[in-house]
Amino acid sequence: MIPLVVMPKKGKLSKVEVTEQANKKWKQLRLAHSAMECDINCLEHHGRDSCPDKGYPRYKCYVGSGVLAYNQHKIGNELQAEVRGKAKRKRAT
């Protein structure tokens, strides 16, 4: 069960919706939702846009491999930034 659904409504908001969306907790959850959408888009960009496997156990494996691929991508970015920083410091001296 989802305790609080955070989906902004398009168009004109009612008074109840305005007060609900002005809530600090709602705003925090909306920001977390936006961050998750960014991560999902990154996974889709790296070939995880559809699940070819059937059944829940295979789906869990598929999701795990997607998370692993995303983490490897992030680690690779960090390693490249570190190498670039070392090269830049070496050129400066």
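Closest approach of E17 and K12 over heavy atoms only: OE1-O, 4.3 Å.
A salt bridge links K86 to E82: at least one charged side-chain nitrogen sits closer than 4.0 Å to a carboxylate oxygen.
For the atom pair Q28 CD and N23 CG, the distance stands at 9.0 Å (nearest 0.5 Å). To the nearest 0.5 Å, atom CD of residue E20 and atom NZ of residue K25 are 13.5 Å apart. The CZ atom of R30 sits 7.0 Å away from the CD atom of Q21 when rounded to the nearest 0.5 Å.
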